[in-house]
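Take a look at the structure set out below.
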Amino acid sequence: MGCLARYAVVWPVLIGWIVAGQSNPASAPVTLGSLSVEELKQYYAPLSTPIAFLDGNEAFNKLQPSEKCQVHYLSKASWAGALIDLFQTSPESPRIFVLLQSIFRSKSISALKDLATTECYFTTEDWNSLLVYIATFYANLGNYYSNGMRKFIPQISPDKFECLINSTFDDGDGAANSKAAELLNLSQGIWAKTKRLIYELGPRYRTLGFGPAALTTYFSANCDASDAKLVKDFLVSQNMEAWNSRVIKTFDRHNGQPNYEIRFASSWTKASLEGDAKHRQEVDGLSLGVALQFNGSSFTFTRGDYSHLMSKVVKYLEEARNKKCFPNTLEEEMTDGLIRSFNSGSVAVHKNASRLWVKNKNPVIESYMGFIETSQDPDGMRGSFEGVVAIVDKAKTAVLTRLVDHAEEFLRLLPWPREFEKDKFLKPDYTDLTVISYANGWPPSAINIPNYNEIRQNEGFKNVNLGNAIAATLTARPLHYLSAPDEFLLKSNRTRVFDVIVGLHELLGHGSGKLFHEFANGSFDFDIATIGNVSKFGAVNKWYRSGETLETKFGRLGNVLEECRAETVAVYLSLFPEVLKIWGVHEKNAEEFSYTLWLEEAFEGLDALSLAQVSADTVGNSWGEAHAPGLFAILRVMIESGVANVTVINGTDGKPDMLIRLDRKRILTDGKRAMADFLLDLQFFMSTGDVEGAEALYNRYTSLKLPENQRFIQWHKIAVARRKPNPL
């Protein structure tokens, strides 16, 4: 019920949007494609979904009044912005949200349960299934999993759902109860336009991605991958990034020319930008509303997307500023930058605010917000809105500080030449946090931000572990695919294993490696002559040209490769006793601990296989999640080196299952060499912007299409059948 209070202020905004009818009607019948009964079960929100409690009470209660003020208003700003995620997930998600909010604003849970059972003949399983669906929707801020991009639907029939809606608002007084009548009309209207899309499982609606095979709202429904390529090329020509934008394609009614409107999120609309000279100055040099010609198409930049919600974000940030919640001028300046960015839609201003954020060392309250993670955009360039507000845990942070102090020493252990490393390691703030608000979908274990590569490479970054999110997830996520002794060993050490993986992944994974750039004036940030030949690759002959970024070169693959590289860094460095010593692992226990950590990675890799999206025409190349293919690739490297072995067995339930075994004697020899080679491959292709080489490497280790990989199809079927739901 916390959502009711959280969104009370923005409720009129959403109602206004619903009444305006800004969504596609759903008059066509529901289609389930060719799904069998067993396949259909994959799309139900599972009754067995665990709930993980994110505990922040103790940390919050210890704060000073000004610090509580900061947490309060930054959280309100974050959650107001998070409503944008509904629009970024699917066309129907905002309507589903308003429908659910209307239901829960009208009656208590107990009253709704009584109505469901007495008026609509719900069984206990029906009622519990509906609650799980609703909880899953709120947790993901939409009706697609944020981890996996797969759709989920209610396990109750549309008729029962509709009965509950009608019964909720029908108090028997008819028009005499005008409020009830108004809510009934509103909810029935929403339901009529949304019912089909809630249950629709035709091929396009099963997962997020480019049309026509999948669904995305980052592009209009008439766009496909070729449109995205054209827009990307245009943005590179304009030296413009797409973080806070979406694309709407129309056609000129006179000559049929394609018109692409690139909408940037901002509280200010085009009208306000035209009417105020100050506002006009903060638009990154773009001419708004002016058609620009490029490769036979017309392109127009506009501002004001999600303006009503962005204005709420700004309102709460301004209240925090006006009430003097911040402890120093640096945090005030950073907040002023966020306000200017969210008002104008300027990415450049958000970058400057991020630079100030990186400089803000050792805060009590850590917070960052904006359009950050690009995994939901099928083109890998546009971020979903995210806001995190957390309290620094000083005791746990001390361990991470020791890791930072030794970072330069550990970076020298990585298997690439010195020239492939950043010119100077900029020691970041690395903190363990107690999360109070994570306003997005599924919270990660840790974050390395900002995601602007030029800032991370040249000015610095921050690492944050979401400590209470890690603890909650581990307690609610069971192990499988392991022998009883291995499972016992991993369970006994899993918290520390996870701490090591996350620490190395974030600091030395995302914090390592250099991208080679050529600038507009013809200068370079690397010396080809100094680099020379690199192992099996020979001389460097590729790099990032002026205007190119990791996102524009690699698209969505860039995020996948970076997550794989960061995780492989953690796996590789876990073999060095001097690294493990940071977490109190004695040298005599280092080999056993490395074995335990590799068990965790092998389990994660096999479990991740369940997220591969397999169909008759696309087998395994689409994963729907940035971390999963990298985890499976690491398992593949272990298998190739002879360290890991996966066998298909009969489970205790008589159904097919799998068993992972590791040869611990080969981890420090064959395994270490194989992981080093794989890591060097990843770094070389990313440093040089070699898309073709990276794609070949990625397909070799993650595709289920290749003839030599056919056995993984069987593994995939078992992994899907054995999949355990992520905790909410």
Side-chain angles (χ1 to χ4, degrees), residues 10 13-14 16-17 20 22-23 76-91 93-94 97 141-142 216-220 223 231 235 238 240-249 260-274 279-280 282-286 288-289 299-318 335 337-354 368-388 439-441 449-452 551:
V10 293
V13 174
L14 290 173
W17 177 84
Q22 299 177 15
S23 182
K76 289 178 80 71
S78 296
W79 284 113
L83 289 173
I84 294 171
D85 295 331
L86 295 166
F87 294 86
Q88 292 180 310
T89 298
S90 69
S93 285
F97 179 84
L141 287 173
T216 181
T217 58
Y218 288 90
F219 295 83
S220 56
C223 289
V231 172
L235 290 174
Q238 299 293 309
M240 189 66 202
E241 295 177 68
W243 294 93
N244 60 343
S245 70
R246 59 174 166 159
V247 178
I248 308 298
K249 178 184 178 182
Y260 295 92
E261 178 191 355
I262 301 172
R263 294 181 181 175
F264 290 93
S266 68
S267 68
W268 294 338
T269 63
K270 180 180 176 182
S272 64
L273 286 167
E274 290 175 342
H279 295 179
R280 288 200 302 270
E282 297 185 336
V283 293
D284 297 345
L286 296 175
L288 300 175
F299 293 82
T300 307
F301 292 112
T302 63
R303 294 286 201 236
D305 209 10
Y306 312 121
S307 60
H308 294 302
L309 295 175
M310 293 298 290
S311 67
K312 296 297 181 183
V313 177
V314 169
K315 172 181 179 291
Y316 293 127
L317 292 176
E318 289 176 338
T335 305
L338 291 178
I339 290 170
R340 289 196 300 274
S341 172
F342 295 157
N343 274 331
S344 67
S346 169
V347 172
V349 172
H350 193 270
K351 287 183 178 182
N352 288 334
S354 299
Y368 190 74
M369 68 182 70
F371 295 86
I372 300 171
E373 298 296 340
T374 62
S375 57
Q376 200 174 62
D377 172 23
D379 204 29
M381 295 176 62
R382 296 155 190 84
S384 60
F385 190 92
E386 178 180 322
V388 59
N440 193 264
I449 35 183
N451 279 350
Y452 305 121
E551 291 76 27

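Along the sequence shown, residues are numbered consecutively beginning with 1.
His350 contributes a side-chain N or O that, together with a main-chain N or O of Met369, makes up a donor-acceptor pair within less than 3.5 Å. Judged purely by atom type and a 3.5 angstrom limit, Ser220 uses its side chain to pair as donor or acceptor with the backbone of Lys249. Ser344 places a side-chain N or O within donor-acceptor distance of the main-chain N or O of Arg340, the cut-off being under 3.5 Å. For the pair Asp85 (side chain) and Phe385 (backbone), a donor-acceptor distance under 3.5 Å is present. In this structure a side-chain-to-backbone donor-acceptor pair under 3.5 Å is missing from Asp305 to Ser266.
Using the six-membered ring where Trp is involved, Tyr452 and Trp243 have ring planes that are perpendicular, over 60° apart on the 30 and 60° scheme.
Taken from CD1 in Ile262 to CG in Leu235, the straight-line distance is 4.5 Å, to the nearest 0.5 Å. How far CG of Asn352 is from OG of Ser346: 8.0 Å, rounded to the nearest 0.5 Å. Atom CD in Glu386 sits 8.5 Å away from atom CG in Asn451 (nearest 0.5 Å). The distance from atom CG of Asp377 to atom CD of Gln88, rounded to the nearest 0.5 Å, is 9.5 Å.
Tyr316 and Ser78 share no donor-acceptor pair across their side chains, judged by distance under 3.5 Å alone.
Between Thr217 and Arg246 there is no side-chain heavy-atom pair separated by less than 4.5 Å.
Listed by first then second residue, pairs satisfying salt bridge (Lys or Arg N to Asp or Glu O under 4.0 Å) with a partner in residues 342-353 read Glu241-Lys351, Lys351-Glu454, not counting sequence neighbours.
Legend: residues meeting ring pair (Phe, Tyr, Trp, His ring centres under 6.0 Å) with Phe301, ordered by chain and number and at least two apart, are Phe234, Phe264. Under the rule for a ring pair (Phe, Tyr, Trp, His ring centres under 6.0 Å), Tyr218 has no partner lying at least two apart in sequence or in another chain.
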